[in-house]
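The structure appears right after this line, and notes come after that.
All values below come from the heavy atoms of this structure, side chains included, with hydrogens, waters and symmetry mates left out. Since this is a predicted model, take the numbers as computed values, not measurements.
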Amino acid sequence: MSKFFCSFCNVKLTEQSIKRGKEILQVDHCPQCGWWKGYHNIQTQASSHTGFWIECNIAYATLKELDLINIDIPLSDLIDYLALSFKNVDVISPRKFELVVGDVFRNLGYHTVVTNYSNDYGIDVILHDPQSRLIGVQVKKYKNKIEASQIRELTGALMLGNYTKGIFVTTSDFRKGAKTTASLSEAKGISIELLNANEFYDALKLSQLSKSRVFEWEDFNLEKFIKGGTYEGDFLDDGTILTY
């Protein structure tokens with residue numbers, strides 16, 4: 001394992017290296033977001049008296065700017081971006097955020113269906129867990145805190161749809177009355193899990209780690225770097241280099 005940490009996620013970087021004679025090609029990459037640092041080390045004997053010295057060249061990936069308003073952004077790119085900069089979640093469309101939520105739960109091991117946007121009856125994402133239990137998820141991309149009335153509406157939708165459990169995901173937080181209503185619902189046999197912005201962000205980061213990212217050497221053209229190429233890498237695609 002590398003002793004270094006990701007500049008964006010503060011997650012410990014993993015190390016891969018190849019030795020070719022006196023040359024060592026090494027990449028340290030983040031298992032969460034895909035950011036990488038590449039090294040080209042050359043061991044050279046300066047003279048018969050002074051021993052060896054190391055010449056080291058370094059390349060870094062850079063953050064790709066995304067137009068978050070563009071609904072055609074690939075979902076994988078958007079989720080990788082939010083893993084680094086979740087504060088910008090307010091910019092994306094409510095529908096896109098529903099898709100993000102669905103993908104996060106899918107990576108956490110659920111069978112996931114994002115419902116029809118115009119006819120969801122209050123349930124935005126349907127989950128089947130490993131025990132085949134039916135879970136209804138309501139997603140609200142809000143700035144204001146969620147009210148008790150919105151939890152009651154979700155409770156009704158869960159009852160009508162014969163769901164085993166509910167999850168309420170928001171980009172804001174829950175008022176005290178909303179939390180109390182969720183507790184009352186659970187006492188009546190309908191469990192509702194509340195995920196505020198910080199808690200969903202934790203789930204998103206966990207889902208990224210569950211992807212078990214593997215850095216592929218063919219995606220990292222160190223040969224070009226050795227020859228003096230300048231990188232403008234895109235670490236959002238698991239380390240894939242898009243431009244030089």
Nearest 0.5 angstrom please: [X] [atom1] to [Y] [atom2], how far?
X      : Y      : atom1 : atom2 : value
Thr155 : Leu184 : OG1   : CG    : 9.0 Å
Phe174 : Lys145 : CZ    : NZ    : 11.0 Å
Leu99  : Arg95  : CG    : CZ    : 5.0 Å
Leu127 : Thr164 : CG    : OG1   : 11.0 Å
Lys188 : Ser183 : NZ    : OG    : 13.5 Å

Original post:
Are Leu195 and Asp202 close enough, and set up right, to give a side chain to side chain contact (heavy atoms under 4.5 Å, CB included), and what steps lead you there?
Top reply: CA-CA 10 Å; Leu195 295 180; Asp202 288 340; over 6 Å; no

Original post:
Do the rings of Phe86 and Tyr201 sit parallel, tilted or perpendicular, given the 30° and 60° boundaries?
Top reply: parallel

Check: [Y] and [X] side chains under 4.5 Å, non-hydrogen atoms:
X      : Y      : value
Ile126 : Thr112 : no
His128 : Leu134 : yes
Leu78  : Ile92  : yes
Tyr163 : Ile123 : yes
Leu82  : Leu204 : yes
Glu98  : Val137 : no
Ile151 : Leu194 : yes
Leu108 : Leu206 : yes

Exam field: side chain [X] to backbone [Y], donor-acceptor pair closer than 3.5 Å:
X      : Y      : result
Glu199 : Asn196 : yes
Thr181 : Arg152 : no
Ser185 : Ser191 : no
Lys141 : Asp90  : yes
Ser85  : Lys87  : no
Thr171 : Tyr142 : yes
Thr115 : Asp124 : yes
Thr180 : Lys176 : yes

**OP:** Would you check if the distance from the ring center of Phe97 to the ring center of Phe200 is below 6.0 Å?
**Re:** yes

Common cluster, [X]/[Y], ILVMFWY with side-chain heavy-atom separation under 4.5 Å:
X      : Y      : value
Val91  : Val89  : yes
Ile192 : Met159 : yes
Leu75  : Val114 : yes

**OP:** Apply the test side chain to side chain contact (heavy atoms under 4.5 Å, CB included) to residues Arg133 and Lys165: give CA-CA distance (whole Å), side-chain angles for both, the deciding distance (0.1 Å), then the verdict.
**Re:** CA-CA 8 Å; Arg133 292 177 297 186; Lys165 174 184 175 180; over 6 Å; no

Original post:
Is it the case that Asp103 and Asn107 place a side-chain donor and acceptor less than 3.5 Å from each other?
Top reply: yes

Original post:
Taking all non-hydrogen atoms of both residues, which atom of Gly166 and which atom of Leu158 are closest, and how far apart?
Top reply: CA-CD1, 3.5 Å

